[in-house]
S.K.: 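One structure, as structure tokens, below. Some questions next.
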Amino acid sequence: MDKNLSKSSVRSESELPPTTEPEKKEATVPEMIQQLGQTAVPTPGESNVYCLTIIGQIEGHLVLPPQNKTTKYEHVIPQLVAAEQNPRIEGLLIILNTVGGDVEAGLAIAEMISSLSKPTVTVVIGGGHSIGVPIAVASDYSLIAESATMTIHPIRMTGLVIGVPQTFEYIEKMQERVVRFVTTHSKISEEKFKELMFKTGELNRDIGTAVGGSDAVKYGLIDAIGGIGDGLAKLNSMIESKRQAKQAGGITQ
């Protein structure tokens, strides 16, 4: 071997460029949208309002087909916990456009929204159907677009159903949970809600009622007609009221 060639071509380890490990990059906006349907997670930032979207079908204990647009409750629950813990977030705006889905998952999301200590406003855009109804009324104040609808119907079951009295008792008890939650967190009476739930002749091949935006307000199910601007204005007003109450409490102590 040529000595000159070996000297010029072979470099010692100290002369080689240092190898660097690939840096761990934070999730990009497209990745966040793909994973959680959010442009950002609740982290200290500029806005004091966190926007949570609940769209498509609410996925619960069973994984839905990939072509279904879904909101996974295991994604929503950590976001609600993070928003509650973040001191910079003073209020939550929940945007709702869902066809419904898993009953227990929907009730879990609704219970978490109703138990938040920070002001919450829900806006129903497009539709808040089925188990989306309890989520819509779970906030401190609810709005619905005039063109939006909410379908109220009895609970349905899919898969294996055992034809025994216990099965029907279980369905009835679960249905009562939904009725109790909706009537507790809205101004609609139990009698009116059940009347809408068991109405026949309005839905094609089904029992129930499709309630429009103005009717939802008339029945007391939703507080007012409005959109995103109205929702943010109401939320900012509630945040300001809470600030003043906190300051007044601090002075009197």
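Count residues from 1 along the sequence. Being a predicted model, the structure only gives us computed values, none of them experimental.
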S.K.: Considering residues, nucleotides and ligands other than Glu172, do more than 12 of their heavy atoms fall under 6.0 Å from its CD?
M.R.: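 Not more than 12 within 6.0 Å, no.
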S.K.: Donor-acceptor pair, distance only, cut-off 3.5 Å: does the side chain of Thr151 make one with the backbone of Ala210?
M.R.: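 No, the answer is negative, given that no donor and acceptor are paired below the 3.5 Å cut-off.
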S.K.: Does the pair Glu195/Lys199 count as a salt bridge with the N-to-O cut at 4.0 Å?
M.R.: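 Between Lys199 and Glu195 there is no salt bridge, as every charged N stays at least 4.0 Å from the carboxylate O atoms.
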S.K.: Please assess Lys246 against Arg243 for the test side chain to side chain contact (heavy atoms under 4.5 Å, CB included), listing each intermediate value before the final yes or no.
M.R.: CA-CA 5 Å; Lys246 195 175 287 187; Arg243 283 177 187 165; 5.7 Å; no
S.K.: Looking at side-chain heavy atoms only, is the closest gap between Glu59 and Glu74 below 4.5 Å?
M.R.: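 SC-SC contact between Glu59 and Glu74 confirmed.
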S.K.: Between Ser47 and Val49 (side chain of the first, backbone of the second, donor and acceptor by atom type, cut-off under 3.5 Å), is there such a pair?
M.R.: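 Checking the backbone N and O of Val49 against the side chain of Ser47, a donor-acceptor pair under 3.5 Å is found.
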S.K.: What is the distance from atom OG1 of Thr120 to atom OH of Tyr50, rounded to the nearest 0.5 Å?
M.R.: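 Going from OG1 on Thr120 over to OH on Tyr50, the span is 14.5 Å.
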S.K.: Taking all non-hydrogen atoms of both residues into account, name the closest pair between Glu190 and Thr183 and its distance.
M.R.: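 Closest approach of Glu190 to Thr183, heavy atoms only: CA-CG2, 3.6 Å.
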S.K.: If I take atom NZ from residue Lys192 and atom CD1 from residue Ile152, how far apart are they, to the nearest 0.5 angstrom?
M.R.: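 Lys192 NZ to Ile152 CD1: 9.5 Å, rounded to 0.5 Å.
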S.K.: Mind checking the CD-CG spacing from Glu202 to Asp206? Nearest 0.5 Å is all I need.
M.R.: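 Going from the CD atom of Glu202 to the CG atom of Asp206 covers 11.0 Å.
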S.K.: Heavy atoms, side chains only, cut-off 4.5 Å: are Phe181 and Arg177 in contact?
M.R.: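 Of all side-chain heavy-atom pairs linking Arg177 with Phe181, none is under 4.5 Å.
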S.K.: Go through it in stages, so that I can follow the logic: the residues are Asp223 and Lys234, the test is salt bridge (charged side-chain N to carboxylate O under 4.0 Å, His left out), and I'd like the CA-CA distance, side-chain angles, deciding distance and then a yes or no.
M.R.: CA-CA 12 Å; Asp223 291 317; Lys234 179 64 178 179; over 6 Å; no
S.K.: Does any donor atom in the side chain of Thr122 or Ser139 lie under 3.5 Å from an acceptor atom in the other side chain?
M.R.: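 Distance-only check passes for Thr122 and Ser139.
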S.K.: What's the spacing between Ile188 CD1 and Tyr219 OH if we round to 0.5 Å?
M.R.: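 Rounded to the nearest 0.5 Å, the CD1-OH separation comes out at 8.0 Å.
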S.K.: Give, for atom CZ of Phe193 and atom CG of Leu221, the distance between the pair rounded to the nearest 0.5 Å.
M.R.: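 Atom-to-atom, Phe193:CZ and Leu221:CG are 6.5 Å apart.
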S.K.: Checking side chain to side chain contact (heavy atoms under 4.5 Å, CB included) for the pair Ile207/His153: CA distance, chi angles, key distance, verdict?
M.R.: CA-CA 6 Å; Ile207 298 173; His153 62 75; 5.9 Å; no
S.K.: Could you state whether Val182 and Val124 fall into the same hydrophobic cluster, counting links through intermediate Ile, Leu, Val, Met, Phe, Trp or Tyr residues with side-chain heavy atoms under 4.5 angstrom apart?
M.R.: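 As far as the 4.5 Å side-chain criterion goes, Val124 and Val182 are connected within one cluster.
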S.K.: State, with a plain yes or no, whether a side-chain heavy atom of Ile95 is found less than 4.5 Å away from one of Ile228.
M.R.: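 Sidechains of Ile228 and Ile95: in contact.
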S.K.: Determine, using the 4.5 Å side-chain heavy-atom cutoff (strictly less than), whether Met174 and Leu196 are members of one ILVMFWY cluster.
M.R.: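 Hydrophobic grouping puts Met174 with Leu196.
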S.K.: Has Glu146 got more than 12 heavy atoms of other residues, nucleotides or ligands less than 6.0 Å from its CD?
M.R.: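 Count not over threshold, so no.
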S.K.: Measure from the side-chain N and O atoms of Lys242 to the backbone N and O of Glu90, and report whether any donor-acceptor pair falls under 3.5 Å.
M.R.: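 Absent.
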S.K.: Are Val179 and Val103 connected into the same hydrophobic cluster when the rule is that any two of I, L, V, M, F, W, Y join if their side-chain heavy atoms are below 4.5 Å apart?
M.R.: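 Result: yes, single cluster for both.
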S.K.: Answer yes or no: is there a side-chain heavy-atom contact under 4.5 Å between Leu203 and Thr209?
M.R.: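 Not touching, per the 4.5 Å side-chain cut-off.
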S.K.: Closer than 3.5 angstrom, by distance alone: can the side chain of Ser241 be matched with the main-chain N or O of Ser237 as a donor-acceptor pair?
M.R.: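 Flag set: sc Ser241 to bb Ser237 pair under 3.5 Å.
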S.K.: Check whether any side-chain heavy atom of Val178 lies under 4.5 Å from a side-chain heavy atom of Leu107, and answer yes or no.
M.R.: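 Contact flag for Val178/Leu107 side chains = yes.
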S.K.: Does the pair Leu93 and Val123 meet the rule for a side chain to side chain contact (heavy atoms under 4.5 Å, CB included), with working shown?
M.R.: CA-CA 8 Å; Leu93 181 69; Val123 182; 3.9 Å; yes
S.K.: If you group Ile, Leu, Val, Met, Phe, Trp and Tyr by side-chain heavy-atom gaps below 4.5 Å, do Val133 and Phe198 land in one group?
M.R.: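 In one cluster with Val133: Phe198, yes.
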S.K.: Main chain of Arg88, side chain of Asn86: is a donor-acceptor contact present, judged purely on distance under 3.5 Å?
M.R.: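 The answer is yes, because a donor-acceptor pair under 3.5 Å joins these two groups.
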S.K.: Does the side chain of Ile58 reach to within under 4.5 Å of the side chain of Ile109, using non-hydrogen atoms?
M.R.: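 The answer is yes; the side chains approach within 4.5 Å.
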S.K.: Count I, L, V, M, F, W, Y as connected when their side-chain heavy atoms are under 4.5 Å apart, and connections chain through other members. Are Ile125 and Leu232 then in the same cluster?
M.R.: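 Yes, it is one cluster - the side chains of Ile125 and Leu232 are joined through contacts under 4.5 Å.
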S.K.: Check the pair Lys173, Glu176 against salt bridge (charged side-chain N to carboxylate O under 4.0 Å, His left out), reporting the backbone distance first and the verdict last.
M.R.: CA-CA 5 Å; Lys173 286 179 181 177; Glu176 282 300 318; over 6 Å; no
S.K.: Can you check whether Ser142 reaches Val121 side chain to side chain, under 4.5 Å on heavy atoms?
M.R.: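 No - every pair of side-chain heavy atoms lies 4.5 Å or more apart.
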S.K.: Looking at Ala138 and Ala110, what are the two nearest heavy atoms and their distance?
M.R.: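 So the two residues come closest at CB-O, 3.3 Å.
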S.K.: Does one side chain, of Thr98 or Gln57, offer a donor that lies under 3.5 Å from an acceptor on the other?
M.R.: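 Result is no, nothing qualifies.
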S.K.: Which heavy-atom pair separates Met150 from Ala136 by the least distance, and what is that distance?
M.R.: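 Closest approach of Met150 to Ala136, heavy atoms only: CE-CB, 3.7 Å.
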S.K.: Take Glu84 and Ser117 through the side-chain hydrogen bond (donor to acceptor under 3.5 Å, both in side chains) test and state the conclusion after the steps.
M.R.: CA-CA 7 Å; Glu84 175 71 15; Ser117 65; 2.5 Å; yes
S.K.: Is the closest side-chain heavy-atom distance between Leu92 and Pro119 below 4.5 Å?
M.R.: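 With C-beta onward as the side chain, the pair stays apart.
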S.K.: Where do Ser130 and Gly100 come nearest, in terms of heavy atoms and distance?
M.R.: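 Closest approach of Ser130 to Gly100, heavy atoms only: CB-CA, 3.9 Å.
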S.K.: Indicate whether the side chain of Glu104 and that of Tyr73 have a donor and an acceptor atom separated by less than 3.5 Å.
M.R.: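 No, because no side-chain N or O of Glu104 sits under 3.5 Å from a partner of the opposite role on Tyr73.
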S.K.: Would Thr149 and Val211 count as a side chain to side chain contact (heavy atoms under 4.5 Å, CB included) here? Give the steps.
M.R.: CA-CA 5 Å; Thr149 57; Val211 180; over 6 Å; no
S.K.: So, taking the atom named CD1 in Ile113 and the one named NZ in Lys118, what distance separates them when rounded to the nearest 0.5 Å?
M.R.: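 These two atoms lie 14.5 Å from each other.
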